[in-house]
Each structure stands twice: as structure tokens, then as C-alpha cells.
There are 2 protein chains.
Amino acid sequence: MHKAAGFLVAISAIACAQDLMPVPAALTRGSGTLAIDAGFRIALEGYREPRLGAAAARTVARLSRQTGILIRGTDAAARLVVECKGASAPVQTVREDESYTLNITPQQARLQAATPLGVLRGFETFLQLVAPAPGGFAVPVLRIDDKPRFPWRGLMLDSARHFQPLPMIERNLDAMAAVKLNVFHWHLSDNQGFRVESKVFPDLQAKGSDGLYYTQDQIRAIIAYARERGIRVVPEFDMPGHTTAWFVGYPELASAPGPYTIERGWGVFDPAMDPTRETTYEFLDRFIAEMAVLFPDEYLHIGGDEVNGKAWESSPRIQEFMRAHGMKKPEELQALFIKRVVALVIQHGKKPVGWDEVLDPTLPKDVVVHSWRGRKSLAEAARKGYQGLLSFGYYLDLMQSTAYHYANDPLGAEAAKLGEAEKARILGGEACEWSEMATAEIIEARIWPRLAAIAERLWSPQEVKDEASMYRRMEIESRRLEWLGLEHRIASARMFDRIAAYEPHDAEALEALATAVEPLKQYDRHDVRKYDLYTPLNRMVDAAPADSVTARSFARSVHAFLAGDRTKEEEIRKLAAAWNQQHATLKNAFTGSFLAAELEPVSRNVSRLGAIVLGAIGILNSGKPAPEHWVAQQKRIIEQSKKPQAELLIVILDPVTKIVEAAAAQK
Amino acid sequence: MHKAAGFLVAISAIACAQDLMPVPAALTRGSGTLAIDAGFRIALEGYREPRLGAAAARTVARLSRQTGILIRGTDAAARLVVECKGASAPVQTVREDESYTLNITPQQARLQAATPLGVLRGFETFLQLVAPAPGGFAVPVLRIDDKPRFPWRGLMLDSARHFQPLPMIERNLDAMAAVKLNVFHWHLSDNQGFRVESKVFPDLQAKGSDGLYYTQDQIRAIIAYARERGIRVVPEFDMPGHTTAWFVGYPELASAPGPYTIERGWGVFDPAMDPTRETTYEFLDRFIAEMAVLFPDEYLHIGGDEVNGKAWESSPRIQEFMRAHGMKKPEELQALFIKRVVALVIQHGKKPVGWDEVLDPTLPKDVVVHSWRGRKSLAEAARKGYQGLLSFGYYLDLMQSTAYHYANDPLGAEAAKLGEAEKARILGGEACEWSEMATAEIIEARIWPRLAAIAERLWSPQEVKDEASMYRRMEIESRRLEWLGLEHRIASARMFDRIAAYEPHDAEALEALATAVEPLKQYDRHDVRKYDLYTPLNRMVDAAPADSVTARSFARSVHAFLAGDRTKEEEIRKLAAAWNQQHATLKNAFTGSFLAAELEPVSRNVSRLGAIVLGAIGILNSGKPAPEHWVAQQKRIIEQSKKPQAELLIVILDPVTKIVEAAAAQK
């Protein structure tokens with residue numbers, strides 16, 4: 001029956017088929033829709049396993065939640081027939097088949113896949129297709145043949161610097177699955193905390209975590225939760241640097257005698273493991289043996305980044321060792337350490353992954369090189385025969401635009417010049433969310449929705465790269481993620497409420513201000529003040545999104561307006577008026593609340609910029625040239641607004657400048 | 001030390017001391033503030049029990065969440081010292097001491113209470129006082145001497161008609177505690193479902209619940225959760241009517257032989273227990289014995305409402321019994337049944353509560369009469385020596401205004417004429433949330449924030465009744481409840497997103513429309529269409545708040561504007577413009593989405609009303625009288641807008657009419 005529907009090139013009445021994120025590999029639109037109502041039912045055919053039944057039940061529950069319809073599913077005829085050919089690996093592997101075909105006719109949808117992984121991906125596509133239509137909820141008639149471009153599509157989450165509670169991790173796994181990511185890289189130890197229960201070395205968590213760690217039962221539950229969603233869990237134990245928290249309980253691992261306390265600051269710190277003592281490797285042998293069982297994934301990440309060498313340079317014993325072994329630089333000692341640890345990891349049946357500092361020609365080819373410092377190392381590793389992962393350009397904590405991340409292709413730049421065999425070594429990439437500046441309250445809004453765009457980069461065909469389409473679909477996906485319980489939008493809203501708590505309450509005015517600003521980018525906030533674990537992250541700079549959708553839309557509208565599209569005038573005026581007016585509305589908050597007070601100068605500038613836009617439009621409409629002194633004055637204000645304040649950048653300066661210049665240029 | 005601060009009548013810089021909800025019995029303002037920062041610590045003095053430690057830890061965690069500050073609490077000096085005199089009862093009783101004193105100086109806060117219940121109430125007050133001040137978060141210097149006006153302050157939640165999941169119940173218990181409510185009345189059985197696991201009669205839940213019931217372990221966990229927050233759990237098993245779900249597993253209890261299926265409709269149904277057979281009471285004896293142990297509270301609610309008598313009238317056997325006992329009306333048979341069940345409840349060590357139909361002069365004085373059909377029965381019961389509870393006027397599911405509920409005093413109307421001893425019999429009241437029209441998705445937004453105002457009516461002194469103050473503080477409390485995780489605001493926002501799902505997405509326009517409308521009141525929705533369990537509750541009428549804060553504020557502003565306050569013009573214009581403009585913005589949604597389509601005529605009217613307001617202001621500002629034909633035309637539009645559409649009322653008609661009349665009256 002599902003083969004009967006004639007697929008047409010006609011444009012369907014439903015807009016949603018273009019709203020998938022990630023975009024599927026191939027999609028053919030038909031005409032008509034399949035209704036989704038209380039009688040919706042999923043039938044499983046072919047290979048069965050409990051995971052498929054659970055996924056089908058979850059799909060129905062989510063559909064019910066999305067639509068508000070109590071789905072009984074008691075009719076005879078299933079609306080979605082799932083046909084799975086066979087099992088996937090007992091422990092999900094890196095190149096498993098995730099492909100699926102989704103064929104929707106007006107009578108029925110059929111989802112076919114080689115393995116349960118494909119079924120899981122297909123369910124997510126199906127859920128994204130459901131939308132209200134004129135006659136009720138429906139999915140469009142279409143055929144999708146889909147598969148991922150890269151086999152490794154991940155999120156690295158730092159649970160070490162700020163501990164992240166389990167419910168938040170579960171919510172993120174749900175959201176990752178929704179955009180077809182398949183690797184949860186869990187950064188579990190660092191100077192600021194050791195977050196895993198070790199039964200072999202219990203002082204790791206007892207002394208290195210402030211009580212904030214995951215028990216082995218909890219970790220097993222997360223791994224099971226991830227597997228149910230087709231996500232691998234790759235643990236990272238960063239060494240030999242980033243290890244202060246280990247040394248609190250086991251100072252004998254360190255290069256200097258200690259004692260050590262848990263690090264409360266952020267940055268690169270001196271302590272490092274002692275690569276010269278056999279006892280270090282004996283410890284790590286037993287530790288890796290324990291973790292290799294706890295984490296079933298075939299990969300284990302050993303970190304290996306940011307060793308500054310100072311601990312080694314200041315130890316006479318280690319200096320003596322280096323001399324005895326003809327080593328001149330700390331990098332050589334690091335290479336020795338990595339080689340030994342890599343051997344231990346392989347010995348315990350795992351494949352090692354390391355940050356790009358580990359790259360050393362003497363390492364076995366099993367090592368996966370994880371590029372974070374730049375893109376060159378990825379291509380270089382591939383040329384040398386190593387598999388590689390890209391994270392450079394995917395650091396969500398650096399507050400860059402989604403467009404920037406979206407343009408960052410694992411096979412772009414240097415990697416574009418690689419041969420086919422070399423390119424095949426590039427497994428994919430991982431977005432990274434380091435948590436110096438992200439408490440549990442903030443972190444979901446820092447990860448989402450931008451991660452959805454990175455997920456598309458890693459799943460969809462390379463040609464899928466239209467920025468405007470991505471932004472439009474990302475907004476839709478951001479709303480869809482709310483139905484999964486993700487708190488990325490509500491968390492920001494609550495933070496605005498906190499900042500605007502002073503009466504009369506005006507979170508709306510504060511939000512208007514927020515649309516004109518973004519947090520400082522890269523590591524610039526650390527230049528402004530000294531942050532540490534105890535610095536409250538409750539300010540506007542913490543609540544404001546990294547990528548202002550409104551500012552971006554404003555820039556687009558101004559561009560179109562100046563190119564002659566007068567229909568944009570109303571939107572531009574409305575935004576400019578809101579920016580102009582928020583300042584007066586917020587004045588009680590500025591004097592009453594310390595959280596709002598620092599925003600006063602930012603708000604004043606934004607207000608002036610709003611006035612400039614309104615003034616410039618008036619001049620443009622008058623048909624007369626702008627007075628020279630007016631232009632000069634506005635340019636001064638624009639110039640003044642460039643200086644970051646309260647760690648915020650005003651991000652509407654480009655379009656404001658353009659509109660002033662247009663007014664000035666008018667004859 | 002806490003006694004040292006001189007309390008002044010001076011006005012503090014912090015607005016928040018007036019923002020408490022419920023308003024405390026007595027409050028004296030001082031000058032200055034006590035800072036809340038990372039060093040905040042609570043010290044417990046005097047009587048200790050685990051509940052106090054848990055409450056202190058929860059208070060610190062909530063403070064941390066509210067402020068965004070990681071509270072270490074490792075300083076030597078506590079900022080909040082708690083002094084508890086002694087234990088409360090092992091099972092919380094109805095007249096326990098809940099009073100507390102909170103004394104805040106610039107150095108320290110001291111919370112004193114006779115029992116842990118007072119400490120719990122005081123913690124909530126303290127948390128409400130925390131606000132951002134110019135120098136950081138702070139609480140104001142003050143002294144509060146507080147205690148409740150009524151000992152029984154509850155929420156009745158109907159988990160029978162739509163099953164309500166446990167996390168939602170926990171969130172509601174948190175929120176109830178936040179506004180100092182102390183009774184969770186749990187409506188656990190009805191025609192549409194039997195929601196408690198019985199081990200004695202397992203077919204009650206096995207056949208009467210669709211698998212949606214609470215296990216005894218879950219119920220014990222909820223009771224413990226409630227006790228930790230100073231809340232009693234009073235179960236209700238409604239009988240002899242409202243019992244169809246019992247009969248699915250045990251038809252022998254019914255007046256007619258059956259078989260029975262779970263009721264899917266809403267309304268009053270015929271089936272009722274058979275009061276004439278001894279086996280009915282033998283069953284109930286064993287059932288009540290089991291429930292009396294499961295629910296430790298000293299009260300047990302037996303319902304007793306809405307028996308239409310038809311099951312009894314149509315049974316020859318029961319008619320014969322009535323004749324044999326000289327009974328003429330079903331009410332007499334009902335009285336016999338209630339008397340027998342009341343005796344069973346008492347025999348099992350509990351005090352019975354029943355809806356006001358149970359009132360019968362032959363009942364023992366232990367019975368608490370729960371007034372729902374009107375206020376007279378409350379006074380009547382008190383006069384006859386019964387204790388009473390008021391729920392008439394507190395039905396949250398009927399969509400009435402908060403002002404209406406707030407004005408509804410248990411000692412008002414007929415009860416105001418009672419003598420002191422009679423008044424003392426009125427224990428308090430309960431808000432009721434019946435769930436015919438409330439799924440788990442909606443129910444929190446139906447209960448909150450209006451319940452906070454009812455909580456104030458039951459806790460605060462009778463003189464506290466300023467409506468404007470209540471609305472202002474309720475909005476603040478509504479935002480505070482978000483920090484507890486309550487989903488009343490996010491749920492509405494998600495529902496708007498669903499309705500406005502059609503692209504281009506404009507939830508903002510839909511929200512503008514929503515501010516001008518309210519759902520039909522009372523039981524009027526049931527006159528429009530036949531609702532049952534399967535009717536999706538996903539429309540605007542389900543998403544729109546019962547009490548539009550914006551419409552209320554608009555009415556106030558128009559009133560002030562027409563009385564000469566020209567500063568209101570801008571707000572009025574802004575709202576009118578938003579109402580006027582939303583219609584054009586939503587036109588794609590009207591044609592694209594069935595959820596939006598029904599709103600088209602409502603939106604068109606709202607848009608016209610917005611235009612009328614803008615026109616009327618123009619006329620008023622012109623100083624010239626409105627043309628007669630203009631006035632007539634606007635009045636026609638207003639008249640047309642009175643007709644409910646899509647089960648929505650347009651609630652801005654009064655102020656719009658007034659402004660048109662003012663324009664018309666202008667000479």
C-alpha cells in the first residue's frame with residue numbers, strides 16, 4: 001500500500017517538510033497528508049527487541065504531548081509501520097548503519113531500517129514532520145531516504161568544572177537524539193573535580209569532588225538511557241594535566257609532593273601526573289581496568305591537553321629522569337606518558353582518543369586525534385594515518401554565532417585537500433561545552449539551540465549550507481525541543497525575571513535590551529574579571545543568548561530596506577522603538593537592583609541607537625539629505641557604543657551604521 | 001542581638017516587604033537590610049528533628065536557585081538562626097500551632113516557632129523576602145509575628161477524571177507550601193477512574209483505572225513528601241454516587257447488576273452503590289479499614305454528593321426496601337447510607353468529611369460538612385453544631401476571576417451572622433480543581449497563580465482584602481513559583497507555540513490576542529459541545545488564563561484615563577495597537593492550522609475593538625465630539641463582540657464601551 005502513492009513535485013499545503021533539522025539526505029515530496037489523531041498506532045514488524053518497543057511507546061507519548069491529543073491507539077490499522085531488518089551491535093559501534101527510509105502515503109507511514117539505530121533516527125524525523133494542518137494534525141506525504149554523512153556526531157559536556165545534575169544530562173540526551181547526534185563525550189575529571197565513583201580508588205571521588213560525583217549505578221543508568229536513544233557514551237579522563245582533583249586523594253600520582261586541594265579557579269594550572277614513576281602507570285592500569293568495564297564503549301578519551309610543563313621543570317627528580325633519557329622538552333615527556341597510557345588503554349580492549357597535543361608519529365594508529373586547537377592537526381593526523389574528530393570551531397562556550405559553527409565543515413579548509421582515503425579517516429566532530437561559565441541553570445541555554453545546527457553539519461549532505469534556512473529551522477527546532485522538556489528557553493526567561501525583579505517588574509523591557517546585545521566572545525570575559533567557581537553567574541551576560549536572532553533579523557531587514565524593500569520599514573521601526581523605549585522603562589531597576597544597575601550604560605547606548613534608526617528613517621523618508629552635524633553626532637554615538645560594557649557587546653552597530661550612511665548619502 | 005535593631009516607621013529602600021503572599025498577621029518595618037550572599041548559613045537551635053534539617057537544606061538550595069549564587073555556607077556565623085520549641089504531632093492535626101516570629105536585623109535573622117510547622121511557614125516567608133537590592137541580594141530589616149486565620153487551608157485535586165502524574169503532584173505540594181496551605185485533599189475515585197491501589201480489593205484499580213493509579217508505595221511517598229512541607233493529605237473516596245469505576249471490578253456493590261465499564265463522559269451519572277444490602281457495608285468496612293491505615297490523617301472524606309436517585313428508583317428490590325422502611329425519597333436512602341458509612345469511618349478511628357449533601361440532623365457531630373453548593377449550608381451546619389469547610393466560591397476549574405475567589409470569605413455572607421462559638425466551627429476552606437477540563441498539561445496553569453490568592457484569604461487577617469494589592473502580589477508570587485519548578489507559565493507558553501505552529505511563527509501575536517479573551521465561565525463550555533475524556537484540550541480556550549491580567553490592567557488604565565490621568569494614554573494605545581495588529585499577523589495561521597482557524601472571528605473582533613480604542617482616543621484628543629454615526633457603528637461592533645466564539649469571551653468590552661461613550665459625550 002505504501003508504494004502506491006504517486007509522488008508529485010507539487011507544493012504541499014504543509015510547510016513542515018522543509019523544517020526538518022537535520023535535513024535528510026534525500027526527500028521527495030508528494031501531495032496530501034496522513035492524519036495524526038487519537039487513533040494513531042505504531043506497529044513493529046521484522047526484527048524486535050525491547051529497545052524498539054520502548055522507542056515506539058516513547059514516540060507515541062511524545063506525539064501525545066506535542067499534539068495535546070490523548071492517543072488511544074486501539075484501532076486495527078497502524079498509521080506508522082516500522083520494519084527493522086536486524087539487530088545492532090550489543091555495544092553501539094562507530095560505523096553502524098543508521099540509515100532509514102520513511103515513506104508516507106495518505107493512508108500510512110512506513111519506516112524501514114537495517115538496524116534499530118535507523119528506526120530511532122526515523123522516529124525523530126517523523127515527530128518533526130507532525131504539524132497542525134487545516135483539518136487537524138498531520139504529516140505530509142513524502143519519501144525520505146536518509147543516512148548520516150559522518151559516523152561520529154557528538155557533544156562533549158564538561159561535568160567537572162561545574163557539576164551537572166543527572167536530570168539535565170537526561171534532558172540533553174533526549175535533545176541530542178532529537179537532532180540525531182550519536183556520541184555523548186563526558187568530560188568527567190579535571191582540576192576542579194573528579195566526578196566518577198571509583199571503587200578501586202575511592203578517594204578520587206571522596207576527596208576530589210565535594211561530594212558531587214556520579215555513582216557507578218548512576219553512570220550505568222545514563223549509559224542505558226543513552227543506548228535506548230542510539231547514543232554512545234565516551235568517557236574522558238583528562239591526563240597528565242588537568243588532574244589536580246585526582247591528587248587531593250592520591251598526591252603520589254603528582255609530580256610534586258602536595259598536599260593538594262580541589263582547584264577553584266579557571267585556567268591552565270601547573271600540577272601534572274608524574275610520568276617518570278612506574279607507580280603512576282600501575283595506578284592508571286588498575287584505574288583504566290575499572291573504567292573500561294564501567295563504560296562499555298569501544299573508545300576511551302585520555303585528554304592529553306594543556307600540559308604547561310612547569311610541574312616537571314620544577315622537579316629535580318623529573319629533570320634528572322629527562323636528562324637520563326635524553327629529553328630536552330616537556331613535550332617529549334608528555335609523549336612518553338601518552339604512549340604508555342595509550343598502551344594501557346589498548347591493553348584493556350579500548351581505542352584511545354586524545355586531544356590534538358597527543359599527536360606524535362610514534363603513537364599506534366588506533367589513536368583517534370581530537371582537534372581543538374585548530375583545523376590543521378585534523379588534516380595532518382589524517383595524512384599520517386590517524387582517525388580524527390573536529391571540535392575546533394564547535395566550542396559552544398565561546399559564544400560564537402551559529403552561522404560560524406554551521407560553516408565549520410570537518411572536510412572543509414585543510415581537510416578539503418585530502419585524498420578520499422584520508423578523508424575517510426575523519427570520523428566527524430563534537431561540539432564542546434566547557435563549563436567554567438555555565439552552571440546547571442545556564443548550560444542548556446548555552447548548548448541549545450545552536451547544537452542543532454552543528455548536528456545538521458555532521459548529519460546532512462555537505463551541500464546543505466544555506467544560513468538563512470538553518471536559522472529559520474533552528475528556531476522551529478528550538479520550540480520543538482521544549483516538548484522534550486529541555487529548559488533552554490525557560491531558564492533564560494527565569495534569569496531575566498531575576499534581573500528585572502525590582503518593581504515595577506518589566507522583563508519585557510529587559511528582553512528588548514537583551515535582543516541588542518550578546519555576551520563577550522571567546523575568552524574575553526576572563527580579561528574583564530577573575531572568575532572562579534564561586535563567582536555568581538546570574539547577570540545579563542549569563543542570561544543573554546550567544547546569538548541574537550532578533551539582531552540578525554534586524555540586520556537582514558535593514559539590508560533589504562536600504563536595497564529598496566519598503567515593507568521592512570515597519571519591522572525596523574518597531575524594533576528601534578522597543579530599543580529606544582526600554583531604557584526609560586528600566587530606570588527603577590537600574591537604581592534598585594544591583595543585577596540591573598550595570599546595564600544602565602549599555603541600555604542608554606541601545607536606546608540612543610534606537611533613536612538614531614528612527615531618525616535616519618525619517619530623513620530617508622523626507623527625501624532630503626541628512627545634515628552633516630547630525631551624521632557626525634550619530635557616528636560618535638555609534639563609536640561610543642563599540643566599547644563592551646557589563647561584558648556585553650552591542651550587536652546592532654553594523655546595520656545602524658549602514659542606515660546612517662544611507663541617510664548621509666542621500667542627495 | 002536580634003532584639004537590638006530599632007524598628008522605624010521609615011520606608012525601606014526595598015519594595016519586597018509588601019510583596020509577601022499571604023500577608024502576615026503582623027509586620028513591623030525597620031531600616032536597612034541583611035545581605036544574602038555565598039556565606040549564607042542556617043543554624044538550628046532548640047528542638048531538632050530530621051524534617052527541620054531537610055527543610056533548612058531545601059531552603060538553602062532554593063535560595064541558591066533564586067539568586068544564582070552558589071551558597072557555601074561555611075562561615076562561622078549563621079545568617080538565619082532557627083529556634084524551634086518542640087515537636088509537632090506524629091501525624092499533623094488540624095489545629096496545630098503554625099505560628100512563627102521572624103526578626104531580621106542587619107546582622108542576622110532569627111526565626112522562632114513553637115513547632116516545626118511554624119518553622120516551615122517562616123522559611124517560606126524568608127524566601128519571599130529575598131530580592132536584589134542596590135548592593136546585592138538582601139532581606140529587609142523587619143519583625144513579623146505571623147499565624148494563620150483558619151486551621152484548614154486546602155486544595156482539592158481531582159486525580160480521578162484526568163489522572164495526574166506524581167511529579168505534578170509534588171510540584172503542587174511545593175507550591176502549596178510556598179503559600180502556606182496545609183491540606184492536600186485528594187479526590188481519588190470517581191465514575192471515570194479508581195486511582196488507588198487496594199490490596200484487599202485489587203480489582204478496584206485493576207479494572208477501574210486503565211492502569212493509571214497510584215501504588216500504595218507511591219501514596220506513602222506523597223504523604224511523606226507532604227508532611228515534610230507541613231501538609232496533611234486527606235483522601236476522598238466519593239460514595240454512594242460517583243462510583244462507576246468501583247463497579248467495573250465489583251458490580252455487586254451497585255444498585256443494578258451491571259456489567260459496568262469505566263465512564264468516559266463528564267456529568268452526573270445514574271450508577272450508585274446499593275445502600276440496602278449488608279454486603280455493601282461489609283465491603284466498605286474492609287475497604288475503609290485498609291485506607292484508614294494507608295492514609296494516616298485523622299480525617300477521611302466520603303464524598304456523598306450528586307446522587308440523582310435514578311439507580312434506586314429503577315430497582316424494584318430497592319424500592320421494596322424503601323417501602324418496607326417507610327422511605328419516600330432517595331434522599332432518605334442516601335441519609336441511611338451516609339449514616340452507616342460515617343459509623344464505619346468513626347469505627348476505624350477517623351473523622352468523616354462529606355460534601356454538603358450529607359448534612360442530616362441525625363448524623364454524629366464528628367462529621368465535617370464541606371460546602372460546595374452554596375454558602376448557606378456552611379452557616380447552617382455551624383449552627384447545628386457541625387464543623388465546616390467552604391469550597392463554594394473556590395472552584396478554580398470554573399474560570400472565575402481571582403477577585404471573585406479573593407472576596408469569598410469563609411466567615412462572610414451568612415456565616416458573618418453566626419455567634420463566636422459557631423464561627424469557631426468553620427475550620428477554613430479548600431480550593432477545588434475538578435479535572436474534566438484539565439489534563440496534566442493544563443492543570444498547573446488552571447490552579448496557579450489564582451490559588452495563591454485563596455491561600456491568602458485563608459491565612460491572612462480578614463482585613464487584608466485590597467484587590468489591587470492582591471493582583472500585584474499575585475503576579476510576583478507567580479514568578480517566584482517558577483523557581484520551585486512549577487510549570488504554570490511554561491505550559492501556557494508551549495500551548496501557544498502549538499497553536500501558532502504554522503509558519504511564520506508568531507506566538508507573540510497569539511499572546512496579544514489571548515490577553516483580550518478568557519475561557520467561558522462556570523459550566524458553559526459543556527453547553528457548546530459534548531466533552532469527554534478523549535476530547536483534546538489543546539485549543540486557545542485551554543491555553544488562555546482564566547483571569548487576564550492585561551485586560552484587568554487595561555480596564556484600570558482606561559478608568560484612570562477617562563478620569564483625567566493622561567499618562568495612561570501610552571499604555572492604552574500600546575495595548576490597543578497590539579490587539580488591532582495581531583489579526584493581520586495571524587492570518588497565515590488561521591488558514592494553515594485548524595487550532596488557529598477557529599480564532600479568526602474572535603481575532604477580527606478584537607482587532608476592531610483595538611481600532612475603536614485608537615479612534616476614540618483620537619477623537620478625545622481632538623476636543624471635538626464624536627460623529628453620531630461613528631458612535632453607532634462602534635457600538636454595533638461592541639455588541640457583536642459579546643457573543644462567545646471558540647468558547648472564548650472577549651473581556652475588554654467594558655472599558656472599550658466606556659471610552660466610546662466618553663468620546664460620544666464630548667461636547
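In what follows, every chain begins at residue 1, and chains take the letters A, B, ... in the order their sequences are listed. What's counted below: heavy atoms across the whole structure, side chains too, no hydrogens, waters or symmetry copies.
- Interface residue A:Arg65: backbone and side-chain heavy atoms are both found under 4.5 Å from chain B.
- The choice from A:Asp542, A:Asp210, A:Asn538, A:Leu70 that makes the most heavy-atom pairs within less than 4.5 Å of chain B is A:Asn538.
- Residues that satisfy the salt bridge (Lys or Arg N to Asp or Glu O under 4.0 Å) test with A:Arg62, not counting sequence neighbours, are A:Glu124.
- Between B:Val541 and B:Glu647, the shortest heavy-atom distance links the atoms CG2-O, 3.3 Å.
- Using a 4.5 Å cut-off between heavy atoms, A:Phe590 makes no contact with chain B at all.
- There is no contact between B:Glu475 and chain A, counting heavy-atom distances below 4.5 Å.
- In this structure B:Glu441 satisfies the side chain to side chain donor-acceptor pair (under 3.5 Å) test together with B:Arg498, sequence neighbours excluded.
- Residue contact with chain B, scored on non-hydrogen atoms closer than 4.5 Å, involves the backbone of A:Thr67 exclusively.
- Side-chain contact check for B:Glu511 and B:Gln582: no donor-acceptor pair (N or O, by modelled atom type) lies under 3.5 Å.
- Judged by distance alone, the side chains of A:Arg72 and B:Tyr534 never bring a donor and an acceptor atom under 3.5 Å apart.
- Contact annotation for A:Ile442: neither backbone nor side-chain heavy atoms come within less than 4.5 Å of a heavy atom of chain B.
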